[in-house]
Amino acid sequence: MPRYNPATVEPKWQAYWEEHQTFASPQMPTGEKLYALDMFPYPSGDGLHVGHPEGYTATDIVCRAARMQGKSVLHPMGFDAFGLPAEEHAIKTGEHPRIQTEKNIDTFRRQLKMLGFSYDWSRELATTDVEYFRWTQWIFLQIYDTWFDEQQQKGRPISELPIPDEVADAGADAVREYRDEHRLAFQSFAPVNWCPALGTVLANEEVIDGKSERGGHPVERRPLRQWMLRITAYASRLESDLEFVDWPESVKALQRNWIGQSIGAEVDFYLGSEEDWSLRRPVHKFPRKPGDDVLRIYTTRPDTLFGATYIVIAPEHPFVERLTTAENAAAVKKYCGQAAAKSDLHRAELAKEKTGVFTGSFAINPANGERIPIWIADYVLISYGTGAIMAVPAHDERDFEFAKQYEIAIKCVVKPGEKVSHGELQRILAGVQVYAAHGTAINSGEFDGLPTAEFKRKITESLAARGLAREAVNYKLRDWLFSRQRFWGEPFPVLHELDDAGNPTGRVRAVDEADLPVDLPHLEDFKPHGRPEPPLDKAPDEWLYPVIDGIRYKRETNTMPQWAGSCWYYLRFLDTNNSKAAIDPTIEKAWMPIDLYVGGAEHAVLHLLYARFWHKVLYDRGVVSTPEPFQKLINQGMILGENNEKMSKSRGNVVNPDSVVKEYGADSLRLYEMFMGPLEATKPWSMEGVNGMFGFLGRVWRMIIDDRSESIALNLAVCDDEPTEEAQRVFHKTVKAVTEDIAKLSFNTAIARMMEFTNYFTKLDRRPRAVLEPFVLLLAPFAPHIAEELWRALGHEKTLAYEAWPIYDDDVLAESTVEIPVQINGKLRGKITVPADADAEEMEKIARNDAQIAPLLEGKQVTKKIVVPGRMVSFVVKD
RNA sequence: GGCCGAGUGGCGGAAUGGCAGACGCUCUGGACUUAAAAUCCAGUGGGGGGUAACCCCCGUGCGGGUUCGACUCCCGCCUCGGCUACCA
């Protein structure tokens, strides 16, 4: 009777593991440790999709194998549970988002357990747990309490910030403001997407073409007081420390790209009319902040200074008003107003045609003393560099486009190298074609003839000596807008002081650590209150207006973004239930860093960058012991639908793991997802493929179990014979391949090797237990339920989870003879069988005498021969 | 436009200088069965030759190159996918 039936086998072993706490990790590792982590999921209402178990199965295999290899394994799971959908649901139904969130978590937990992952469930956490976000708030306070020391390239306590004398002399408020300006968490005004019709602020992804995603109402951009995190301070370290982590080069490239380091120069252009203004500069040197008499620009091509024919400043540049002459005032005002109304995205979409407006003012080019016009255009961004550029239309595509549009002079100062055709060269020299690459300087006075790289260095030095420029480094990375106008997020542990009239004084007070957590308040309902301020403005007064030492405060009503919770969950897993600290330092030292982190490529930039940033702050503040959290990273590939398209509800090609498990069992699902192809590849789903894995597990079952017996009984072929030499070889080959493939995360080939083992032994009617038992152990990480059941049937009482991993012997593997290909003139012409240890001479002799080869060599002259012992023989011949 | 990745049988894939297509799916034929399912056995890149064990030719997106030998390395393209987008 007992055919392979996962429906009975799998729940049985899941219950066993849970009852025996089989996969509980030790608090501290003994011996070698492995911390393998999955990117925890957002528990959406749809439940798990088949993409989730791909990465989860991979780490599970690694962990199960590591346990059998004697390592201390930490393998936890949790939930990134804050998020918009639960809040949207709450707005619609009035039900607290926590209720919906917990329902979804229950579904996810059930599904994860159904798949037999060896998580230590006692460490489960959700970012929405009050006891968890208590420490998220605590970390925010650490960040708030930190400033970045540029000299030391290190975050330090704000109490150690040196206060300049003039600030100290200005009094306590000035000192407080000075500190606030330097904190890694600071307040700033930033535009939000305010939708008056919905009465709420929308996230960027809820705005489509300037309209709300729901209802299509118009959305305006409005500045709002927000919290920012100074991630830019860490840009250099976030960039350079990538060198030390074992990540895919593509992900490193993505992060480097996002950080976007560029090296160039800041150059001051004089705004006044004084003839020899620059003579004053060497005395003063290049000032840290430019004065009102100059416009400071950033360029990566200081070598093109002689070709700068105009200046562009961003519409938001502080000098706009000052530089605009009376006759241009109306046009400038109109232009800047339009630019402000456009979102960044919108601005980019409309970028096909460059627009701008002339201010009426001019600036002096410090390289050649030329007077050039100053324009305003939205293709220059206020948030990058100095918000002002020198435009060199001959050598920059954007400037070229703009100059053509507004008929501004185009002056070629770089002569292209040899790669350019004659016609092109003429066009470039004439200024009718743009040339952005390197070359040789022309029309650049004393610098003529210099190659670009050298020119860059020389002119920067020369201008720097005159106090007109300096080398400068810029980053594309922006400071992190860290607040959201939402209910369902972590409250900030921050209080705003109020004066007697109830208005904010601008003084901010951090909530005492002892008073954490700051829980979310009770709200009567979750409907928008119709103002751009966050929904927590609706909170009851007892929550919103605490009084401390006789001073009345208003709580911060912004909440943290969803990223916050995922920035440090990997630390909390080490010490989940610690009520005294975020994490015990001894435990942290013992388990960190994460040895294997697996997740989707969609998190290659933001999540990983944000988490690395927090980690570095915590490192600087002595909370953690490693500079980087994620030592090795792997992105699992996307699983497409059976039609080769992205899985989505609208395409109707979503595969539900519940139904797959119901029909084939978790082991087949796990095995199939690993067999589909390389972990990192994108690959399409196939139900027939799952069925194929089910068939394989059935063959494994019948190889060991007598499926015609009424009760569980071993197949009659299972015996205590000594395995034959060939059987030994097959077995050892399997052990070696599976062991090595798991280490390489090459699970598809590991499974193929186990299939070969099964094909071989199924054909035998004497199957030695001595190889079947260790085979079951090899299979266990991939298909743990059936492996446990077979292990039990083979007469073992306990779980196999901690049985010693089989070992292989290369000597057993070695065959006495090997088959070697023989090539003539590069073509395969025959095969010879030679002793495995045959030397080159012997192999050549056998090849020459081979019945296939000999006739082909007859009468020919062998001009060259290549013999690789154990590999191949190759002859080059001519008539 | 930029960056990254991928193109190998009917399909998923294997081989990362040395016998292309391991392993699985599909399909075909056979065994078992009253029959079917399940299972087991055999075959399965294309073309050609031989009674036959077998043999020959072509073949890894396209065009060049390096090499005794290239799916693999180099140069130039094409196609598809992902991410990103005026960063001076």
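Nothing here was measured: the structure is a model prediction, and the numbers come from that model. Proteins come first, then strands; the chains are lettered A, B, ... in the order of their sequence lines, and each starts at number 1.
- Among the heavy atoms of the strands lying under 4.0 Å from E819(A) is at least one base atom, whether or not backbone atoms are also near.
- The main-chain N or O of M228(A) is never found under 3.5 Å from a side-chain atom of D479(A) such that the two would form a donor-acceptor pair.
- Remark: P of rA14(B) and CD of E756(A) are 14 Å apart, rounded to the nearest angstrom.
- For Y406(A), there are no side-chain hydrogen bond (donor to acceptor under 3.5 Å, both in side chains) partners at least two apart in sequence or on another chain.
- In this structure, rG9(B) is classed as syn because its glycosidic torsion stays within 90° of zero.
- Contact annotation: Y379(A) side-chain N/O to rA88(B) OP1/OP2 distance is not under 4.0 Å.
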For RNA chain B, just give me the dot-bracket, please: Watson-Crick or G-U, both distances below 3.5 Å, ( ) intra-strand, [ ] crossing earlier pairs, | paired with another strand, . unpaired.
-> (((((((..(((.....[....))).(((((.......))))).(((((....)))))..(((((..]....))))))))))))....
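- Residues of residues 743-753 of chain A that place a heavy atom closer than 4.0 Å to RNA chain B, in numerical order, are N748(A), T749(A), A752(A), R753(A).
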Taking only N/O atoms, report every protein-nucleotides 30-32 of chain B pair under 3.5 Å with atom names and distance.
none

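- Legend: side-chain hydrogen bond (donor to acceptor under 3.5 Å, both in side chains) pairs involving residues 818-836 of chain A, not counting sequence neighbours: none detected.
- Screening residues 676-685 of chain A for side-chain hydrogen bond (donor to acceptor under 3.5 Å, both in side chains) gives E54(A)-K683(A) as the qualifying pairs, with residues at least two apart or on separate chains.
- For residues 636-648 of chain A, the set of pairs meeting the salt bridge (charged side-chain N to carboxylate O under 4.0 Å, His left out) definition, not counting sequence neighbours, comprises E645(A)-R651(A).
- The phosphate of rC19(B) (OP1 or OP2) has no side-chain N or O of K831(A) nearer than 4.0 angstrom.
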Anything under 3.5 Å between a protein N or O and an N or O of nucleotides 37-48 of chain B, put it in a table, one pair a line.
from: rU39(B); atom 1: O3'; to: R702(A); atom 2: NH2; distance (Å): 3.2
from: rC40(B); atom 1: OP1; to: R702(A); atom 2: NH2; distance (Å): 3.4

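- Contacts classified as side-chain hydrogen bond (donor to acceptor under 3.5 Å, both in side chains) and involving residues 744-762 of chain A (residues at least two apart or in different chains) are given here: E726(A)-Y760(A), D741(A)-T749(A), S746(A)-T749(A), R753(A)-E756(A).
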Any protein N or O atoms within reach of nucleotides 2-6 of chain B? Criterion: under 3.5 Å, listing atom names and distances.
none

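- Residues in residues 298-312 of chain A take part in these salt bridge (charged side-chain N to carboxylate O under 4.0 Å, His left out) pairs, two or more places apart or across chains: R301(A)-D303(A).
- Nucleotide rG13(B) holds its P atom 14 Å from the CD atom of E680(A), rounded to whole Å.
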Pick out the pairs of N or O atoms, protein on one side and nucleotides 57-61 of chain B on the other, that lie under 3.5 Å.
from: rC57(B); atom 1: OP1; to: R829(A); atom 2: NH1; distance (Å): 3.2
from: rC57(B); atom 1: OP1; to: R829(A); atom 2: NH2; distance (Å): 3.3
from: rC58(B); atom 1: OP2; to: K827(A); atom 2: NZ; distance (Å): 3.3

